[in-house]
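This report concerns only the one structure given below.
Values in this document were obtained by computation on a predicted structure and should not be read as measured data.
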Amino acid sequence: MRIYELAKQLGVDSKELIKKLKALNFPVKNHMSVIDKDTAEIIKHEVEELDKKEIEENVIEVDFPITIKDLATKLGRKPSQLLSDLFKKGKMFTINQNLDKKTAQGIAYEYKVNLKAKPTQEEQILQAGSKNVKKRAPIVTLMGHIDHGKTSILDYIRKSKLTNQETGGITQHIGAYQLNLSKGKISFLDTPGHETFTQMRARGASITDIVIIVIAADDGIKPQTIEAIDHAKAADVPIIVAINKIDKANANVDMVKQGLSKHDLVPEDWGGRTTAVEVSATKGTGIDELLDLILLQAEVMELKADFDRPAIGVVVEGRLSKGKGALATVLVKEGTLNSGQWCVCGKYGGKIKAMHDDLGNVQNKIYPSEPIEILGLNGVPAPGDKLMVVPDEKTAKEIMKKRQEEEKKKKITPVTHLRLEDLHKKVKQGEIKKLKIILKADVGGTLEAVEGALAKIPSKEVELSIVHKGVGLINSSDILLAEVSDAIVVGFKVTTDSQARSSAKKKGIEVRTYHIIYELIDDIRAALEGLLTPHIKKTFMGRARVKAVFNVSKSGVIAGCQVEKGKILRGAPCHLIRGNSVVFEGKIETLKRFKNDAREVKEGYECGIDLGFDKIREGDYVDVFGQEVISRKL
């Protein structure tokens with residue numbers, strides 16, 4: 001084969017092909033150079049890869065949707081040329097008609113252009129960065145059952161009687177504190193519980209680096225402890241267990257460790273991988289070891305942040321003060337936050353008038369992983385809202401307006417989450433196929449029975465993941481975890497409390513309750529079967545031989561064919577075969593008998609076929625198939 005013949009096959013100019021071959025270091029002199037079949041295949045592959053690379057690098061940013069006229073300008077082509085390309089594919093457009101993202105990108109790809117959406121003003125600010133990436137302090141959240149000593153541990157570390165300031169010694173709000181230790185800094189979040197932690201995640205704020213699960217040695221693992229563990233696991237963050245109150249006479253550390261093992265948190269001294277440290281918040285026993293373990297975990301994680309970019313943070317707490325107005329406690333994630341800067345915080349914003357740390361000291365600069373309370377917003381943001389420093393007041397107002405409009409749309413448009421009926425639609429090719437369930441039952445025995453029955457549903461391809469299981473009513477915490485994890489809530493012989501029912505309806509979370517175990521298992525089995533990729537059975541329908549090829553100015557390349565076997569159907573999947581190779585896979589775009597459109601053409605008759613492919617040759621064959629989707633069973 002000669003180079004010019006190969007160029008014709010590839011649909012490119014010989015000079016262009018020779019230029020590419022020289023770039024790929026192929027020893028080619030001119031268009032008459034001879035190459036063997038194997039070399040031709042290698043060249044085809046290499047040229048295709050080179051074209052892909054060129055397209056990937058040739059990026060043009062536009063706003064979608066885009067008109068034919070504007071797209072033609074961006075591509076340096078005439079609008080009539082693009083209209084003709086679309087017409088060949090059976091798509092009718094006018095010059096001022098909008099193209100969606102997929103269609104516009106398809107056209108651009110043919111002209112070796114990678115069309116991408118132009119980043120919004122907000123995205124541009126978020127993408128801004130510098131090279132000043134440095135180590136930052138870890139952000140740690142304490143979670144666990146009520147009165148197990150979360151705040152007492154933090155109190156001992158800070159040497160301030162924080163517990164005494166709280167009503168009844170129980171944490172009533174979120175606090176954020178940074179400790180400057182000799183070995184490094186640690187930022188702590190002292191939360192009222194796992195629900196607030198997960199609520200922040202529901203708002204898109206991945207704020208915590210490490211979770212400390214606090215368990216009282218004299219009380220053991222309680223339902224709230226289990227919920228805290230499951231919420232931490234769902235967040236996919238490292239867990240350190242602090243076994244507190246070891247100084248008490250009835251402390252039983254082994255009981256706690258045994259309980260942890262039942263929840264896949266096997267302690268290291270029991271042969272597992274979970275770090276567990278014994279502490280006493282009243283005497284200070286083990287506190288130094290706990291801090292060392294936090295810093296060690298942080299070293300392993302190699303936590304870093306950009307210190308020079310415009311600051312980005314997350315709201316930990318928002319409140320309204322009589323004398324000061326709206327206040328927000330913020331943890332800075334990236335960049336440096338300065339007093340006097342304009343910022344947007346959720347749907348609110350303003351100029352930062354003052355900043356105070358957790359001890360009430362005025363601060364002018366705040367760096368990554370540091371908490372601060374800011375004054376100057378025009379409203380109270382919600383926990384989990386993102387703070388973003390903007391260049392000026394105008395930008396702040398534009399972004400606030402956009403966010404407020406988006407929030408209105410969310411209220412009008414009902415929120416939808418995963419449902420059993422449309423589970424298979426949510427699964428994309430190549431992803432791990434997983435059905436996440438939050439399981440509640442009336443008693444421990446039936447909970448184990450249901451879990452065991454679910455585990456027996458056979459499948460190598462579909463993973464059934466129980467995100468959380470528990471005994472009792474389906475509550476708001478279950479709904480919140482389902483929202484963040486995109487899970488469904490399944491209850492056996494239990495009801496849903498009114499608050500959870502209302503929350504589930506508002507958030508679009510599916511809650512299913514059953515009283516017969518076989519009905520529950522059958523529903524889950526059916527959902528999992530919907531996840532399985534179906535078999536696509538191809539059935540040969542007909543073959544046509546290409547007798548002549550016509551270039552029609554308005555329609556593109558039309559193949560004049562003779563149907564030799566079966567029948568040809570308009571819209572049917574097909575292969576274009578040349579020799580022993582399939583050179584194109586697509587469908588019958590247009591089918592004609594003489595000048596008339598035809599739905600099908602039978603054996604022995606002639607027809608005109610348009611495949612939307614312009615490299616058809618005389619002597620090629622068009623094989624047409626029917627497709628049958630066969631659902632698979634577990």
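- For the residue pair M92 and F87, the shortest heavy atom distance occurs at SD-CD1, 3.1 Å.
- Under the side-chain hydrogen bond (donor to acceptor under 3.5 Å, both in side chains) criterion, S503 pairs with no residue at all, not counting sequence neighbours.
- Within 6.0 Å of the CD atom in E564, the count of heavy atoms belonging to other residues, nucleotides or ligands exceeds 12.
- Take R570 and apply the side-chain hydrogen bond (donor to acceptor under 3.5 Å, both in side chains) test, not counting sequence neighbours, and it matches no residue.
- Using a distance-only test at 3.5 Å, with no hydrogens or angles considered, no donor-acceptor pair links the side chain of D620 to the main chain of V546.
- Judged by distance alone, with hydrogens and angles left aside, the side-chain atoms of Q562 form no donor-acceptor pair with the main-chain N or O of R545 at under 3.5 Å.
- Shortest non-hydrogen contact noted between N96 and T67 is O-CG2, 3.6 Å.
- Atoms OG and CG, on S502 and D497 in that order, are 10.0 Å from each other to the nearest 0.5 Å.
- Note that CZ of R77 and CD1 of I68 are 14.5 Å apart. Values are rounded to the nearest 0.5 Å.
- Residues R512 and D523 form a side-chain contact, since some pair of their non-hydrogen atoms from C-beta on lies under 4.5 Å apart.
- Residues that satisfy the salt bridge (Lys or Arg N to Asp or Glu O under 4.0 Å) test with K88, not counting sequence neighbours, are absent from this structure.
- Taking all atoms of both residues into account, the shortest heavy-atom contact from D442 to V494 is N-CG1, 3.4 Å.
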| request: Go through the steps to decide whether V624 and V622 satisfy the test side chain to side chain contact (heavy atoms under 4.5 Å, CB included), and finish with yes or no. | output: CA-CA 6 Å; V624 176; V622 179; 4.3 Å; yes

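- We find the CD-NZ distance between E589 and K91 to be 8.5 Å, quoted to the nearest 0.5 Å.
- Here ring-ring contact (aromatic ring centres under 6.0 Å, His included) pairs that include residues 556-590, with residues two or more places apart or in two chains, are H575-F625, F584-F613.
- Put simply, the side chain of R593 never gets that close to the backbone of A598: no donor and acceptor are under 3.5 Å apart.
- In this structure, K333 places its NZ atom where more than 12 heavy-atom neighbours from other residues, nucleotides or ligands lie under 6.0 Å away.
- For K233, the NZ atom sits in a packed shell: over 12 heavy atoms of surrounding residues, nucleotides or ligands are nearer than 6.0 Å.
- E61 contributes atom CD, which lies 9.0 Å from atom NZ of K74 (distance to the nearest 0.5 angstrom).
- Proximity of a side-chain donor or acceptor of K440 to a complementary backbone N or O of L473 within less than 3.5 Å is detected.
- In terms of heavy atoms, M400 sits closest to K347 at CG-O, 3.7 Å.
- When side chains are defined from C-beta on, R501 does not count as touching V511, because their heavy atoms never get closer than 4.5 Å.
- When side chains are defined from C-beta on, V467 does not count as touching D230, because their heavy atoms never get closer than 4.5 Å.
- With sequence neighbours excluded, no residue forms a salt bridge (Lys or Arg N to Asp or Glu O under 4.0 Å) with K402.
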| said: Please determine whether side chain to side chain contact (heavy atoms under 4.5 Å, CB included) holds for the pair N475 and E227, giving the CA-CA distance in whole Å, both sets of side-chain angles, and the decisive distance to 0.1 Å. | reply: CA-CA 11 Å; N475 56 39; E227 289 186 1; 3.9 Å; yes

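- Summarising the geometry, atom NE2 belonging to H468 is positioned 10.5 Å from atom OG belonging to S485; distances are rounded to the nearest 0.5 Å.
- When side chains are defined from C-beta on, I437 counts as touching I524, because their heavy atoms get closer than 4.5 Å.
- The shortest heavy-atom contact between R599 and L591 is O-CD2, 3.9 Å.
- Put simply, the side chain of I438 does not reach to within 4.5 Å of the side chain of I474, judged on heavy atoms.
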| query | Where do I609 and I568 land on the side chain to side chain contact (heavy atoms under 4.5 Å, CB included) test, with the steps shown first? | reply | CA-CA 9 Å; I609 295 175; I568 307 298; 4.1 Å; yes

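- Of all the heavy atoms in E123 and T120, the pair that sits closest is OE1-N, 2.8 Å.
- R543 has its side chain within reach of I577: a pair of non-hydrogen atoms, C-beta onward, lies under 4.5 Å apart.
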| query | Given the rule in the side chain to side chain contact (heavy atoms under 4.5 Å, CB included) test, do L115 and L71 qualify, once you have shown the distances and angles that lead to the verdict? | reply | CA-CA 10 Å; L115 214 58; L71 180 59; 3.7 Å; yes

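- For the atom pair CD1 of I521 and CD1 of I457, the computed distance is 5.0 Å after rounding to the nearest 0.5 Å.
- At least one side-chain heavy atom of L86 sits less than 4.5 Å from a side-chain heavy atom of T103.
- Residues I517 and V450 meet the side-chain proximity criterion, which asks for heavy atoms closer than 4.5 Å.
- Annotation: side-chain hydrogen bond (donor to acceptor under 3.5 Å, both in side chains) contacts of K547 (sequence neighbours excluded): E606.
- With hydrogens and angles ignored, the 3.5 Å screen pairs a side-chain donor or acceptor of Q124 with a backbone N or O of P119.
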